[in-house]
Amino acid sequence: MSLKRKLLGLSLLAAVAAVTVVVMSASASNREGHWATPKVAGASITGKQDLTHVMEFSVEGATGIICETSKWDTTTEAETAKFLEIVPSVANCKTTGGVANQVTIKVNGCAFDLYVAKGTVETTEQTADLLCGAVPIEIIHNFCTVTIGTQKSLTGITYKDIKPFATGVTASFNVKLAASADGGLCPKVTTAKLSGSLIFEAFSGVLVNLEVT
């Protein structure tokens with residue numbers, strides 16, 4: 001069975017689940033805001049999934065791929081950072097209705113640089129860069145390999161400070177990515193998508209405040 005047939009279901013579910021939101025666009029050059037850990041000069045940042053915050057890759061003409069393990073971790077060196085540089089770590093990936101390890105995603109050291117726009121509110125559209133070395137991200141399933149390489153000024157990201165009872169930032173993604181595919185069973189692919197959400201928290205021995213400013 002082709003990837004296109006096997007993966008169609010979740011793309012339809014994702015379309016139904018999409019929520020219409022008025023988004024204030026930030027130009028690609030609006031990167032004057034900061035990630036901040038007030039009064040803490042440097043912290044470990046953890047981007048985590050839970051029952052309601054899940055990250056998903058999807059491929060044009062196909063469906064979503066969810067990884068049971070998805071870590072978006074990094075560190076900062078000062079109280080403020082212009083961006084978070086994150087090399088995701090993913091494992092146990094599967095298609096909808098599938099089983100763990102059905103899909104292999106090789107990040108290959110590619111980093112997402114997540115910037116903050118000046119004057120950020122919950123509806124401000126943020127920008128990011130995807131930076132890869134010689135080897136792009138590879139999504140491998142059913143003898144088909146989809147590759148996603150370096151691309152800048154990506155949009156479709158918003159941030160929400162978690163207050164007042166918790167400290168952290170919810171990051172929501174609906175990012176279109178240029179992609180290509182290689183393999184006899186591959187559909188024609190020019191785009192992929194990264195969607196879903198993560199909760200970012202900061203630690204310096206203990207949980208500390210993390211916010212976007």
Side-chain angles (χ1 to χ4, degrees), residues 7 9-26 31 33-37 43-59 63-74 76 81 83-96 103 105 107 110-117 120-130 137 139 148 151 153-177 191-203 207 209-213:
L7 303 183
L10 194 53
S11 63
L12 297 176
L13 289 176
V16 171
V19 178
T20 301
V21 177
V22 177
V23 175
M24 298 170 59
S25 294
R31 299 182 171 191
H34 296 85
W35 293 88
T37 51
S44 297
I45 310 297
T46 296
K48 64 180 184 180
Q49 297 187 143
D50 61 17
L51 292 177
T52 57
H53 300 86
V54 179
M55 295 296 284
E56 173 184 301
F57 280 96
S58 59
V59 177
T63 189
I65 299 161
I66 296 173
C67 299
E68 294 178 2
T69 300
S70 181
K71 296 180 180 179
W72 291 63
D73 299 348
T74 189
T76 58
F83 61 89
L84 297 183
E85 183 177 60
I86 301 174
V87 178
S89 174
V90 299
N92 302 322
C93 303
K94 60 184 180 181
T95 63
T96 186
V103 181
I105 297 180
V107 178
C110 296
F112 285 89
D113 289 354
L114 305 180
Y115 287 86
V116 180
T120 284
V121 296
E122 293 179 12
T123 55
T124 304
E125 185 174 63
Q126 310 292 335
T127 60
D129 294 340
L130 171 60
I137 295 172
I139 301 175
I148 304 168
Q151 40 207 289
S153 300
L154 298 167
T155 57
I157 305 168
T158 57
Y159 304 135
K160 178 181 179 181
D161 285 330
I162 302 173
K163 292 179 178 178
F165 302 111
T167 176
V169 174
T170 299
S172 298
F173 297 81
N174 188 22
V175 181
K176 183 179 287 188
L177 299 160
T191 60
K193 188 166 70 171
L194 178 65
S195 58
S197 58
L198 292 167
I199 296 176
F200 282 102
E201 294 178 330
F203 297 86
L207 181 69
N209 188 43
L210 174 68
E211 58 189 34
V212 286
T213 60

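All of these numbers come straight from a predicted model, not from anything done at the bench.
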Checklist entry - Residues in salt bridge (Lys or Arg N to Asp or Glu O under 4.0 Å) with D161, at least two apart? => result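 In terms of salt bridge (Lys or Arg N to Asp or Glu O under 4.0 Å), with neighbours along the sequence ignored, D161 is linked to no residue.
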Next on the checklist: Going by salt bridge (Lys or Arg N to Asp or Glu O under 4.0 Å), name the residues that satisfy it together with K176, two or more places apart in sequence or in a different chain.
Outcome noted: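 By the salt bridge (Lys or Arg N to Asp or Glu O under 4.0 Å) rule, K176 matches no residue at all.
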Checklist entry - Between M55 and W72, which heavy-atom pair has the shortest distance, and what is it? => result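 In this case the closest contact between M55 and W72 is CE-CZ2, 3.8 Å.
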Item to check | Short N-O contact, R31 and D129, less than 4.0 angstrom | outcome: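 Yes, this pair counts.
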Checklist entry - Between S197 and H53, is there a donor-acceptor pair closer than 3.5 Å when you use the side chain of the first and the backbone of the second? => result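 Checked: no pair found.
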Checklist entry - When I162 is tested against each of V169, L210, T170 for side-chain contact (heavy atoms from CB on, under 4.5 Å), which residue passes? => result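 Checked V169, L210, T170 against I162; only one passes side-chain contact (heavy atoms from CB on, under 4.5 Å): T170.
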Checklist entry - For the residue pair F200 and W35, does the interplanar ring angle fall in the parallel (under 30°), tilted (30 to 60°) or perpendicular (over 60°) class? => result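 Aromatic pair F200/W35 classed perpendicular.
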The criterion is side chain to side chain donor-acceptor pair (under 3.5 Å); which residues satisfy it with [X], sequence neighbours excluded?
{"X": "E211", "value": "N209"}
{"X": "T37", "value": "none"}
{"X": "Q49", "value": "none"}
{"X": "K48", "value": "E201"}

Next on the checklist: Tell me which pairs pass salt bridge (charged side-chain N to carboxylate O under 4.0 Å, His left out) where either residue lies in residues 84-96, with sequence neighbours left out.
Outcome noted: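 For residues 84-96: E68-K94.
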Checklist entry - Side chains of T213 and V116: closer than 4.5 Å at any heavy-atom pair? => result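 No, every pair of side-chain atoms sits at 4.5 Å or beyond.
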Checklist entry - Got L130 and C110 here, is their nearest side-chain heavy-atom distance under 4.5 Å? => result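 Heavy-atom side-chain distance check passes, below 4.5 Å.
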Next on the checklist: Working note: T158 + S172, criterion side-chain contact (heavy atoms from CB on, under 4.5 Å); need CA distance, chi angles, decisive distance, verdict.
Outcome noted: CA-CA 5 Å; T158 57; S172 298; 3.7 Å; yes
Item to check | For C93, side-chain contact (heavy atoms from CB on, under 4.5 Å) partners two or more places apart | outcome: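 With neighbours one apart ignored, the set is I65, C67, V90, V103, I105.
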Next on the checklist: Working note: Q126 + T120, criterion side-chain contact (heavy atoms from CB on, under 4.5 Å); need CA distance, chi angles, decisive distance, verdict.
Outcome noted: CA-CA 8 Å; Q126 310 292 335; T120 284; 3.1 Å; yes
Checklist entry - Should F57 and L194 be marked as a side-chain contact (heavy atoms from CB on, under 4.5 Å) after you check the CA-CA gap, both sets of side-chain angles, and the distance that decides it? => result CA-CA 5 Å; F57 280 96; L194 178 65; 3.9 Å; yes
